[in-house]
Protein chains: 2
Amino acid sequence: MATSIRTARDEASARLRAAGLKVTEPRLAVLDAIAPGEHLDADEVFQRLSRTLPSTSRQAVYGVLGALGGAGLLRRIEPAGSPALYENRIGDNHHHLVCSSCGKVADVDCVVGEPPCLTPSATNGFVLHTAEVTFWGLCPDCQAAG
Amino acid sequence: MATSIRTARDEASARLRAAGLKVTEPRLAVLDAIAPGEHLDADEVFQRLSRTLPSTSRQAVYGVLGALGGAGLLRRIEPAGSPALYENRIGDNHHHLVCSSCGKVADVDCVVGEPPCLTPSATNGFVLHTAEVTFWGLCPDCQAAG
DNA sequence: CTCGGTGTTTTGATTTATTCAAAACAACCC
DNA sequence: GGGTTGTTTTGAATAAATCAAAACACCGAG
């Protein structure tokens, strides 16, 4: 257990270094705070760090999230009506399901077949680099709540 | 010319009434301010109204945009990194091309073939009602600017 | 036509999410 | 270990939007 924690920290350190970023406690703590499948906003990350590394300032959280996002170690999404959210899952082009009632976010793998969403009908002269798909609906809990 | 202006106003009035909204000067002015193909934020709308109906407050603009958006007379989009934008084109499920450098927005008709983007690989129990696709890239001007 | 109820707008303050700037600090190469 | 550079802290400021209460205007009933 202690071994696996040490290992996770070491892996995180290695990923930071590989990205050309210095290894610092706030960065390790942020990487540790966001579990796979979660989508956390800056405030939620800050609150989690207030348990694991209470000296961390809110601005440091913004700085870390910005650095990790820019380095590709976290992915940032901004669903309409919600503050920016950060997730662990990177490197694939997965999409998101957002509950229009409670804001809950779930991942979905790319849409049916090949990524057709990368091909709009006309590009208006734009050179594309990403297609982002957000599905809006009601999550199971909000369906149950009527 | 005066006739066409009168007609546009009358059409806008009819659409407001049909939506169950009262017909007011600020609402007519907002509908008049947003031309087809444009994507304006609340501040841009407010600035346009400061010419055509200068007594309108910023909060009234927010109120009008909210009411018209809720009634389906305007569509609201919120690309990441940008304030909410409002457009005229409603009732079709078109998508958007956003320049990641300057923020310029262009409309695109739905992606190739049938709307495949309405079918994620797994819905995680969500009941879907909308799929929103945002394409990110560089607009022609920003390509030219290097 | 005018009166009254309801919905809208104004006025002014407030909140939320985020960014800026400068000083203190810490990681890491030598 | 010591210096440079990047990071974090501290504190203030901004942008976008929302809230609340009072003034007002639309529009249907009479």
Side-chain angles (χ1 to χ4, degrees), chain A residues 9-10 12-31 33 39-50 52-71 73-74 76-86 103 105, chain B residues 9-10 12-31 33 39-50 52-71 73-74 76-86 103 105:
Chain A
R9 262 180 85 92
D10 287 352
S13 299
R15 281 194 292 148
L16 285 169
R17 259 187 268 272
L21 296 173
K22 287 184 177 172
V23 177
T24 67
E25 286 301 327
R27 287 174 178 173
L28 293 171
V30 167
L31 286 173
H39 302 83
L40 303 184
D41 65 28
D43 189 62
E44 287 166 329
V45 172
F46 176 65
Q47 283 176 35
R48 292 196 180 185
L49 292 218
S50 72
T52 56
L53 195 66
S55 65
T56 314
S57 69
R58 185 176 293 273
Q59 287 74 358
V61 170
Y62 277 103
V64 169
L65 291 173
L68 298 184
L73 297 178
L74 289 179
R76 173 189 174 123
I77 62 171
E78 289 182 51
S82 154
L85 302 176
Y86 297 85
V105 177
Chain B
R9 261 180 87 92
D10 288 353
S13 299
R15 282 193 293 148
L16 285 168
R17 259 186 268 271
L21 296 172
K22 287 184 177 172
V23 177
T24 67
E25 286 301 327
R27 286 173 178 171
L28 292 171
V30 167
L31 286 173
H39 303 82
L40 303 184
D41 65 28
D43 188 63
E44 288 167 327
V45 172
F46 175 66
Q47 284 177 34
R48 291 196 181 184
L49 292 218
S50 72
T52 55
L53 195 67
S55 65
T56 314
S57 69
R58 187 176 292 273
Q59 287 74 357
V61 171
Y62 278 104
V64 169
L65 291 172
L68 298 184
L73 298 178
L74 289 179
R76 173 187 173 122
I77 62 172
E78 290 183 51
S82 154
L85 302 176
Y86 296 85
V105 177

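Reminder, nothing fancy here: chain letters follow the sequence lines and each chain counts from 1.
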| remark: Heavy-atom closest pair (A/Leu49 atom, A/Ala29 atom, distance to 0.1 Å) is CD2-O, 3.6 Å
| field | Contact residues, residues 55-68 of chain B to DNA chain D [heavy atom, < 4.0 Å] | value | B/Gln59, B/Tyr62
| Which nucleotide of DNA chain C is the first, and which the last, in the 5' to 3' direction, to come under 4.0 Å of a heavy atom belonging to chain B? | C/dG5 to C/dA13
| Check: B/Leu74 and B/Val30 side chains under 4.5 Å, non-hydrogen atoms | yes
| task | Go through the structure and list residues passing side-chain contact (heavy atoms from CB on, under 4.5 Å) with A/Ser50, not counting sequence neighbours. | result | none
| query | Which residues satisfy the side chain to side chain donor-acceptor pair (under 3.5 Å) test with B/Glu78, sequence neighbours excluded? | reply | B/Arg76
| task | Could you check how far CG of B/Leu21 sits from P of D/dG28, rounded to whole Å? | result | 13 Å
| So how far off straight is the helix from C/dC1-D/dG30 to C/dC30-D/dG1, going by the axes through five pairs at either end, to 10°? | 30°
| field | Partner residues of A/Glu44 under the side-chain contact (heavy atoms from CB on, under 4.5 Å) criterion, sequence neighbours left out | value | A/Leu40, A/Asp41
| Taking the side chain as C-beta and beyond, is there a heavy-atom pair between B/Ile77 and B/Val105 under 4.5 Å? | yes
| field | Contacts of type side chain to side chain donor-acceptor pair (under 3.5 Å), residue B/Gln47, not counting sequence neighbours | value | B/Asp43
| Listed in order of residue number, which residues of residues 13-20 of chain B have a non-hydrogen atom at under 4.0 Å from DNA chain C? | none
| How close or far is atom P of D/dA15 from atom CD of B/Glu78, stated in whole angstroms? | 18 Å
| request: Can you see which heavy atom on B/Leu21 is nearest to which on B/Ala67, and at what distance? | output: CD1-O, 4.1 Å
| note | Those residues at least two apart in sequence (or on a different chain) that pass side chain to side chain donor-acceptor pair (under 3.5 Å) with A/Arg48 are A/Glu38
| query | Could you give all pairs that pass the salt bridge (charged side-chain N to carboxylate O under 4.0 Å, His left out) test and reach residues 13-26 of chain A, with sequence neighbours left out? | reply | A/Arg9-A/Glu25
| query | What closest approach, in Å, do B/Phe46 and B/Thr56 show between heavy atoms, and which atom pair accounts for it? | reply | CE1-O, 3.3 Å
| query | Can you find a pair of side-chain heavy atoms, one from A/Leu16 and one from A/Leu28, that are under 4.5 Å apart? | reply | yes
| task | Name the residue closer to the 5' end of DNA chain D, choosing between B/Pro83 and B/Glu25 according to the nucleotide with the nearest heavy atom. | result | B/Pro83
| task | Using whole Å, report how far CZ of B/Arg76 lies from P of D/dA16. | result | 13 Å
| query | Taking only residues two or more places apart in sequence, or in another chain, which ones meet B/Ala14 in a side-chain contact (heavy atoms from CB on, under 4.5 Å)? | reply | none
| task | Can you tell me the distance, in whole Å, between the CZ atom of B/Arg9 and the C1' atom of D/dC26? | result | 14 Å
